[in-house]
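Keep in mind that this is a model prediction, so the values were computed, not measured.
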Amino acid sequence: MNSTGSVRVRFAPSPTGFLHVGGARTAIFNWLLARHTGGVFVLRIEDTDAERSTDEMIREILDGLEWLGIDWDEGPHFQSRNVDRHREAAERLREAGRAYPCFCTVEELAAEREAAIARKESYVYGGRCRAISREEADRRRAAGEPHTIRFAVPAGETAWEDVVHGRTAFENRTIGDFIVLRSDGAPVYNLAVTVDDLDMGITHVVRGDDHISNTPKQILIYRALGADPPVFAHVPLILGPDKSKLSKRHGAIAVTAYRDQGYLADAFVNFLALLGWSPGDDREVMTRQELVDAFTLERITGKSAVFDVEKLEWLNGQHLSRLSGREVAAIAAPWFERAGIGRLTEPQGDGDWFANLMALVKTRSRTLHDLVEQARPFFPGPVEYQPDAVEKFWQDPSAALAALAVAVDYVESEDRWGDLEAMEGRLRSLAEERGVAAGKVMQSMRVALTGQRVSPGIFETLTAMGAALARERLAAAREWLSRRVAGD
RNA sequence: GGCCCCAUCGUCUAGUGGCCUAGGACGUAGCCCUCUCAAGGCUAAAACACGGGUUCGAAUCCCGUUGGGGCCA
């Protein structure tokens, strides 16, 4: 904690790829912690790998965060702009005798490494240059001899109390004097991160499990720099169905791909938050605010989790269902535009019609993509009869024709559109008069009106569609079926 | 290979020594509702990796084995 006692966290992606599911969850946990505690969420782009970092990827990451609704209070800071601070820190370490120049050549180091492998030992730098006197080192540096700067790792062990894993310890001899500044003066990752986190006053480092082995080095640097390390919380990784670290192999992993597949940001955030964290009670469908209120680092599990798309779909459906028709309308509008069935083709140009339609289809849809398909028949134009619908409800074309005859008469005589009960009563009595099962009429009509096997209740469908379009569709269906009968 | 992390239903999880005949959720199966499909309601099958301890008592603590994963090489 810093002097004011407030929480400062950061999300520090490197722009060498998209914002993927794992990174997104790390961002979410950090953001949740900041919002829960009233702290500050800092965004830092770790773009020191100039070769692999691109502006396009930075854009992608910001897009992803924006879609998720993860907003930052500071930044984005760019790590590449802090290189002077990193070098300065390396120099300070050197001055304090906590780091030293190393003149070993790549060949020498490679030989050392091979020897270690031959002995079946893990390789750590032996520390030869540590013994070089200050005077000699200065002289050789001044002479321009190439060198790196290495951290002088003390004897003993380095441990910390990880919020998710508990006490975690590394023996320092397994770490070895690691490089802090390359021979070209470029700071090494662990130095850059530590210096940046220190400069930015980060109090809690919440990041992926894969950084555990970096942590002792960073702690050593904090201490050597005379600073207290922050609180560390290492979140377990997200796994693919085959239980290996989630990667491109497992399909769409850029979060924007989920956006494009029709998932709701709130549902996606909810889902990722539940991967490795739980509120402690049985709640699962949670709003953003509920997540913020319930979130604590202590409730993060230490076990890695498999990404289960089916549960995501369910959760998305839940979120969709809980939204009002009007809210769904606002979110889904661009989807309809893109599908070419936007406002221009809307039969009744008021927003209410669309919002009401959304209210009808939302509980039947799991994604926005489903939603569009469900709603499509309500817009003008011909419908395509889906094979499964024909198979199920129009198996006997003559019978379907008979049912539709009743449907046509019903539609012609109906004058209480919108009164669902009255409509049903009227249709049922008419069907009974004609000696046709009411259910058959409704089901045949469903296919005629929507071309689909599935739709909202038939009277809601009729009302939303309007009499004119319904007549058109019924006529087309009778024609289609007649051809079928004739063709047999 | 070395170091580190992890281990409850297929999956996400609750569980922090007795409330556990292990709870919830997704998925699966069945039933109810019903004009279809969802939603909703009810029910079912489904787990404490294994072996030793510690303890009156262990899913919970300790050790080992096995298995998975990560990082480094």
- Note on the structure: Assert: residue with more 5' nearest nucleotide on RNA chain B, out of A:Glu424 and A:Gly280, is A:Gly280

- Message: Can you tell me the base-pairing partner of B:rG51? Count Watson-Crick or G-U wobble geometry only, both distances below 3.5 Å, and say none if there is no partner.
- Response: B:rC63

- Would you mind reading off the distance between A:Met286 atom CE and B:rC12 atom C1', rounded to a whole angstrom? 15 Å

- Just call it for A:Gly457: base, sugar-phosphate, or nothing, with non-hydrogen atoms closer than 4.0 Å on any strand. base

- Message: I'd like to know if the side chain of A:Glu414 pairs up with that of A:Tyr410 as donor and acceptor (distance under 3.5 Å, no hydrogens or angles considered).
- Response: yes

- Item | Integer angstrom distance from the C1' of B:rA49 to that of B:rG68 | 11 Å

- Item | side chain to side chain contact (heavy atoms under 4.5 Å, CB included) partner of A:Arg10, chosen from A:Asp196, A:Ile202, A:Asn30 | A:Ile202

- Message: What's A:Arg173 touching, base or sugar-phosphate or nothing? Going by heavy atoms closer than 4.0 Å.
- Response: nothing

- Message: Can you tell me if A:Ser278 touches the phosphate of B:rA14, counting only side-chain N or O atoms and a distance under 4.0 Å to OP1 or OP2?
- Response: yes

- Scan A:Glu46, A:Arg44, A:Gln79 and name whichever one has a side chain to side chain contact (heavy atoms under 4.5 Å, CB included) with A:Ser14. A:Glu46

- Axial cation check for A:Trp277 ring with A:Arg25, 6.0 Å and 45° limits: no

- Task: Output yes when at least one side-chain N/O atom of A:Gln318 is less than 4.0 Å from OP1 or OP2 of B:rA38, else no.
- Result: no

- Query: Between the base of B:rC35 and the side chain of A:Arg446, is there a donor-acceptor distance below 3.5 Å?
  - Reply: yes

- Report which part of the nucleic acid A:Pro236 touches: base, sugar-phosphate, or nothing (heavy-atom distance under 4.0 Å, all strands). nothing

- Separation of B:rU11 atom C1' from A:Glu284 atom CD, nearest Å, is 12 Å

- Message: Does A:Ile458 reach a base, just sugar-phosphate, or nothing at all? Heavy atoms under 4.0 Å.
- Response: base

- Query: OP1 or OP2 of B:rG70 sitting under 4.0 Å from any side-chain N/O of A:Arg207?
  - Reply: no

- Message: Does A:Ser365 reach a base, just sugar-phosphate, or nothing at all? Heavy atoms under 4.0 Å.
- Response: nothing

- Query: In Watson-Crick or G-U wobble terms, both distances under 3.5 Å, what is the partner of B:rC56?
  - Reply: B:rG18

- Message: Whether A:Arg366 contacts B:rG27 is assessed here as follows: a side-chain N or O lying under 4.0 Å from the phosphate OP1 or OP2. Is that the case?
- Response: yes

- At under 4.0 Å between heavy atoms, what does A:Ala438 touch on the DNA or RNA strands: base, sugar-phosphate, or nothing? nothing

- Query: For A:Arg322, which contact category applies under a 4.0 Å heavy-atom criterion: base, sugar-phosphate, or nothing?
  - Reply: nothing

- Message: Rounding to an integer number of Å, can you tell me how far A:Arg25 CZ sits from B:rC12 P?
- Response: 12 Å

- Item | Atom pair distance, as rounded to whole Å: CZ in A:Arg283 and P in B:rA25 | 15 Å

- What integer distance in Å separates A:Trp314:CH2 from B:rG27:C1'? 11 Å

- Query: Is the distance from OP1 or OP2 of B:rC71 to the nearest side-chain N or O of A:His211 less than 4.0 Å?
  - Reply: no

- Message: For B:rC37 and A:Lys392 - does any side-chain N or O of the residue sit under 4.0 Å from the phosphate oxygens OP1/OP2?
- Response: yes

- Walk me through it: do A:Arg182 and A:Asp184 pass the test salt bridge (charged side-chain N to carboxylate O under 4.0 Å, His left out)? CA-CA 5 Å; A:Arg182 291 183 223 282; A:Asp184 63 0; 5.0 Å; no

- Item | A:Glu157 CD: over 12 foreign heavy atoms closer than 6.0 Å | yes

- Query: Of A:Thr174 and A:Arg364, whose closest RNA chain B nucleotide lies nearer the 5' terminus?
  - Reply: A:Thr174

- Query: With a 4.0 Å cut-off on heavy atoms, is A:Gln374 in touch with a base, just the backbone sugar-phosphate, or nothing at all?
  - Reply: nothing

- Query: What nucleic acid atoms does A:Ser213 come within less than 4.0 Å of, heavy atoms only: base, sugar-phosphate, or nothing?
  - Reply: sugar-phosphate

- Provide, to the nearest angstrom, the distance between the CZ atom belonging to A:Phe393 and the C1' atom belonging to B:rU34. 12 Å

- Could you let me know what B:rA38 is paired to, Watson-Crick or G-U wobble, both distances under 3.5 Å, or none if it's on its own? none

- Item | No-hydrogen, no-angle side-chain donor-acceptor test under 3.5 Å, A:Glu171 and A:Thr174 | no

- Query: Across the strands shown, which category fits A:Gly208 at heavy-atom distances under 4.0 angstrom: base, sugar-phosphate, nothing?
  - Reply: nothing

- Contact class for A:Phe170 (heavy atom, under 4.0 Å): base, sugar-phosphate, or nothing? sugar-phosphate

- Applying a 3.5 Å limit to both distances, which nucleotide forms a Watson-Crick or G-U wobble pair with B:rC72? B:rG1

- Message: Please tell me if A:Lys303 has a side-chain N or O lying less than 4.0 Å from either OP1 or OP2 of B:rU8.
- Response: yes

- Message: What is the separation between atom CG on A:Leu462 and atom P on B:rU36, rounded to the nearest whole Å?
- Response: 16 Å

- By the Watson-Crick or G-U definition, both distances under 3.5 Å, B:rU11 is matched with B:rA25

